[in-house]
Amino acid sequence: MSSAVATPWARIKVLPELGSPIFRQSIFYHFSGFRHRRRSFSISASVDPAPLKRTDGQVRVRFAPSPTGNLHVGGARTALFNYLFARSKCGNFILRIEDTDLERSTKESEEAMLQDLTWLGLAWEEGPGVGGDYGPYRQSERNALYKQYAEQLLESGYVYRCFCSNEELEKMKEVAKLKGLPPVYTGRWANATDEEVQKELEKGTLFTCRFRVPKEGCLKIDDLIRGEVSWNLDTLGDFVIMRSNGQPVYNFCATVDDATMAISHVIRAEEHLPNTLRQALIYKALGFPMPYFAHVSLILAPDRSKLSKRHGATSVGQFREMGYLPQAMVNYLALLGWGDGTENEFFTLEQLVEKFTIERVNKSGAIFDSTKLRWMNGQHLRSLPSDELTKLIGEHWKSTKILNEAAGNFVEEAVALLKDGIDLIPDSDKALSNLLSYPLYATLASAEAKPVLADRLWDVAASLLAAYDGGELCSALEEGHAGWQTWVKSFGKSLKRKGKSLFMPLRVLLTGKLHGPDMGSSVLLLHRAGICGIVNPQAGFMTLDERFKMLRGVNWELFQANQPVIEPATSAVQ
């Protein structure tokens with residue numbers, strides 16, 4: 001619906017058609033002239049002060065990736081912000097595949113992107129695999145629509161045919177460069193007569209379709225994140241919307257798609273901010289109401305450069321393969337440029353939907369901190385229900401051939417003991433392998449072990465061997481934690497030792513290490529592993545029996561004399 005004043009400078013108020021799901025939005029245009037000679041106007045697009053409070057239309061947002069590679073974390077965050085905005089407003093999240101770059105777009109890339117979005121939990125109401133009333137949802141399947149609107153613009157005079165050759169265009173750029181001007185099109189065919197155009201058509205000369213840009217004026221938009229943004233139109237030049245091979249260009253496709261799919265809010269990366277100028281002109285020319293725009297900042301590397309492959313993993317698929325949880329990725333990506341105004345950093349997807357507002361999205365760049373992402377993954381990992389966490393880690397241990405079984409008492413107790421040191425599922429390999437190993441000689445030869453040796457470690461070793469040979473230790477371990485605690489108390493009393501003087505020597509002698517998780521639980525697990533056969537023989541596990549055999553072979557006099565000790569080959573029990 002529109003109304004116009006019959007003056008050389010008409011003021012037009014554009015509103016959506018009745019029943020359109022797009023929010024009503026006041027957009028005022030000033031222009032003079034029309035058709036082929038219309039070369040000067042200015043546009044001012046103003047958004048209502050509180051547009052999100054309107055209730056006369058449905059929020060419809062879209063994520064529109066190009067299937068030319070992996071889903072970058074920046075793209076994933078853009079998808080997430082669109083998803084959260086739609087869900088928080090009871091709207092629809094649409095997925096559109098922008099595959100007009102036929103040479104680089106691949107089906108494999110599209111499938112990988114869909115898989116990554118599904119893994120993150122970002123379900124779309126309309127799009128590939130789902131369908132919808134506004135399809136098709138791949139640009140490669142919408143060419144007839146683009147041609148229809150291109151013809152409409154040709155008929156209305158907003159677009160004209162340009163028969164310039166590549167050589168002519170390159171010469172224009174060179175001349176502009178020499179004059180210190182922007183490399184814009186000079187308008188060679190903008191004012192051509194019908195006879196000139198017809199002559200080239202009869203000759204079969206290839207042509208592009210160029211949009212007629214006013215030489216004067218400016219465009220202003222109220223970005224929901226950045227506030228007012230403006231451009232001078234004289235920096236643009238007439239731009240191509242259809243190539244000479246009949247293929248549409250990105251800005252034309254995106255505008256037609258967003259308008260015909262009734263997109264109410266375009267939330268996208270700030271890299272697309274310059275595209276808004278071209279798209280706004282196309283919206284106006286076709287009589288489409290403009291959506292609200294929100295341009296999200298870039299994700300930066302720690303050195304504040306644009307995050308790229310040289311900084312390490314940058315795609316969602318890479319982080320998934322590294323063992324990250326989808327809920328941790330979603331939580332971390334949401335915090336890159338957004339916060340709820342509190343100190344809380346731990347959110348589920350449902351909580352993010354409840355808390356998210358576009359007003360709290362920061363317009364400055366966000367630093368991608370892989371260390372914090374790892375920490376956050378550990379928080380989410382340990383917050384999983386114990387049975388789910390045990391299943392994940394148990395299956396991983398079996399897949400990496402550390403264990404022969406993925407479930408059972410040993411797995412449950414091992415996960416409970418080691419989980420605090422695990423931030424990523426693959427970390428569990430090292431945690432369990434450390435528990436199963438027995439680097440006794442390396443530990444005794446370390447500088448850190450000197451105080452333990454000086455505390456007559458050999459005396460404790462002799463008493464411990466006697467307790468093992470006599471069966472007291474094994475009997476205590478059979479009784480579980482209660483048996484172990486009773487034995488330790490009695491053992492310490494017999495040696496007149498307690499506290500660190502008792503437990504540090506025992507830890508070194510039984511585990512072969514100076515540090516580690518709870519010693520009692522560790523020894524009980526080692527005892528269980530030695531009798532149940534759950535550990536793969538190739539995992540480097542030394543049973544308690546094998547450990548005591550090694551203890552018997554230690555030459556304590558060499559350690560007392562502080563002499564270099566070479567671990568005997570016989571200590572590596574096979």
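Salt bridge annotation for Lys306-Glu271: present, with a cationic side-chain nitrogen under 4.0 angstrom from a carboxylate oxygen. Ion pairing of Arg138 with Glu141 is present here, as a side-chain N (NZ or NE/NH1/NH2) and a carboxylate O approach within less than 4.0 Å. Salt-bridge check for Lys363 with Glu270: failed, with every basic side-chain N at 4.0 Å or more from each acidic carboxylate O. A salt bridge links Arg320 and Asp116; the closest N-O separation between the charged side-chain nitrogens and carboxylate oxygens is under 4.0 Å. Note on Lys398 versus Glu395: no salt bridge recorded, every NZ/NE/NH1/NH2 to OD/OE distance being 4.0 Å or above.
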Run the numbers on Val249 and Met242 for side-chain contact (heavy atoms from CB on, under 4.5 Å), then give the verdict. CA-CA 6 Å; Val249 302; Met242 297 287 285; over 6 Å; no

Mind running side-chain contact (heavy atoms from CB on, under 4.5 Å) on Ser297 and Arg77 for me, showing each step along the way? CA-CA 10 Å; Ser297 64; Arg77 186 191 58 170; 4.0 Å; yes

With salt bridge (charged side-chain N to carboxylate O under 4.0 Å, His left out) as the criterion, how do Lys391 and Glu388 come out once you've worked through the C-alpha distance, each side chain's angles and the decisive distance to 0.1 Å? CA-CA 5 Å; Lys391 185 174 185 291; Glu388 185 177 344; over 6 Å; no

Worked check of salt bridge (charged side-chain N to carboxylate O under 4.0 Å, His left out) between Glu350 and Lys355: CA-CA 9 Å; Glu350 293 73 21; Lys355 300 283 187 180; over 6 Å; no

Report the C-alpha distance between Thr342 and Asn344 in whole Å, list the side-chain angles of each, state the deciding distance to 0.1 Å, and finish with yes or no for side-chain hydrogen bond (donor to acceptor under 3.5 Å, both in side chains). CA-CA 5 Å; Thr342 71; Asn344 184 30; 5.0 Å; no

Go through Thr276 and Val229 one step at a time and tell me if the side-chain contact (heavy atoms from CB on, under 4.5 Å) criterion holds. CA-CA 10 Å; Thr276 310; Val229 183; over 6 Å; no

Evaluate side-chain hydrogen bond (donor to acceptor under 3.5 Å, both in side chains) for Asp257 paired with Tyr146, printing each intermediate quantity in order. CA-CA 9 Å; Asp257 289 342; Tyr146 307 137; 2.8 Å; yes

Any chance you could lay out the side-chain contact (heavy atoms from CB on, under 4.5 Å) test for Thr106 and Thr68, step after step, and finish with the verdict? CA-CA 6 Å; Thr106 66; Thr68 56; over 6 Å; no

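Minimum heavy-atom separation, Gly121 to Leu349: O-CD2, 3.8 Å. Smallest separation of non-hydrogen atoms from Arg60 and Glu126: NH1-OE2, 2.7 Å. The two residues Gly69 and Ser109 have their closest heavy-atom pair at O-OG, 2.5 Å. Considering all non-hydrogen atoms of both residues, Val73 and Phe368 come closest at CG2-CE1, 4.2 Å. The minimum heavy-atom distance between Ala366 and Gly337, with the atom names listed, is CB-N, 3.8 Å. The two residues Leu122 and Trp124 have their closest heavy-atom pair at O-CE3, 3.3 Å.
Between the OG1 atom in Thr78 and the CD1 atom in Ile299 there is a gap of 7.5 Å [rounded to 0.5 Å]. Going from atom OG of Ser370 over to atom CZ of Phe319 covers 7.0 Å, rounded to the nearest 0.5 Å. Taking CG from Leu352 and CG from Leu335, the interatomic distance works out to 7.5 Å, rounded to the nearest 0.5 Å. Expressed to the nearest 0.5 Å, how far CZ of Arg304 lies from CG of Leu298 amounts to 11.0 Å. In this structure, NZ in Lys419 is found 9.5 Å from CG in Leu381, a value given to the nearest 0.5 Å. Atom CD1 of residue Ile221 and atom CH2 of residue Trp231 lie 4.0 Å apart, to the nearest 0.5 angstrom.
Here the side chain of Glu111 pairs no donor or acceptor atom with the backbone of Glu108 at under 3.5 angstrom. Here the side chain of Arg212 pairs no donor or acceptor atom with the backbone of Val159 at under 3.5 angstrom. With hydrogens and angles disregarded, no donor-acceptor distance shorter than 3.5 Å links the side chain of Asn362 to the backbone of Trp338. Ser399 contributes a side-chain N or O that, together with a main-chain N or O of His396, makes up a donor-acceptor pair within less than 3.5 Å. The main-chain N or O of Pro439 is never found under 3.5 Å from a side-chain atom of Ser437 such that the two would form a donor-acceptor pair. Of the possible donor and acceptor atoms, none in the side chain of Asn232 sits under 3.5 Å from a partner among the backbone N and O of Thr235. Distance alone, capped at 3.5 Å, places no donor-acceptor pair between the Asn377 side chain and the Leu373 backbone. Remark: the backbone N or O of Ile225 is paired with a side-chain donor or acceptor of Asp223 at under 3.5 angstrom. With hydrogens and angles ignored, the 3.5 Å screen pairs no side-chain donor or acceptor of Asn92 with any backbone N or O of Glu125. No side-chain donor-acceptor contact under 3.5 Å links Glu321 to the backbone of Gln318.
Atom CD of Gln538 has 12 or fewer neighbouring heavy atoms from other residues, nucleotides or ligands inside a 6.0 Å radius. At most 12 heavy atoms of other shown residues, nucleotides or ligands fall within 6.0 angstrom of atom CG in Asp133.
In this structure, Arg278 forms no cation-pi arrangement with Phe211, as its terminal cationic atom is not both closer than 6.0 Å to the ring centre and no more than 45° off the ring axis. Cation-pi geometry between Arg374 and Tyr332 is not met: the NZ or CZ atom fails to fall both under 6.0 Å from the ring centre and inside 45° of the normal.
Counting heavy atoms from C-beta outward, Val353 and Tyr83 have side chains that approach closer than 4.5 Å. Considering only heavy atoms from C-beta on, Gln139 stays 4.5 Å or farther from Ile97 through its side chain. Residues Ile263 and Val266 form a side-chain contact, since some pair of their non-hydrogen atoms from C-beta on lies under 4.5 Å apart. Side-chain contact check for Pro248 versus Ile241: every heavy-atom pair is 4.5 Å or farther apart. In this structure the side chain of Leu525 reaches within 4.5 angstrom of the side chain of Leu417, judged on heavy atoms. You'll find the side chain of Asn536 stays beyond 4.5 Å of the side chain of Ile402, heavy atoms only. Side-chain contact between Gln327 and Leu384: present, with at least one pair of heavy atoms (C-beta onward) separated by less than 4.5 Å. Two residues are said to be in side-chain contact when any heavy atoms from C-beta on lie closer than 4.5 Å; Pro291 and Val61 fail this criterion.
Ring to ring, Phe356 and Phe81 are close: their centroids are under 6.0 angstrom apart. In this structure, Tyr158 has its ring center no closer than 6.0 Å to that of Tyr149. Aromatic rings of Phe63 and Tyr137 (six-membered ring for Trp) have centroids beyond the 6.0 Å cut-off, not under it. Aromatic rings of Tyr324 and His380 (six-membered ring for Trp) have centroids beyond the 6.0 Å cut-off, not under it.
Between Trp397 and the options Leu392, Asn404, Val415, a side-chain contact (heavy atoms from CB on, under 4.5 Å) holds for only Val415.
A donor-acceptor contact closer than 3.5 angstrom is absent between the side chains of Gln115 and Thr118.
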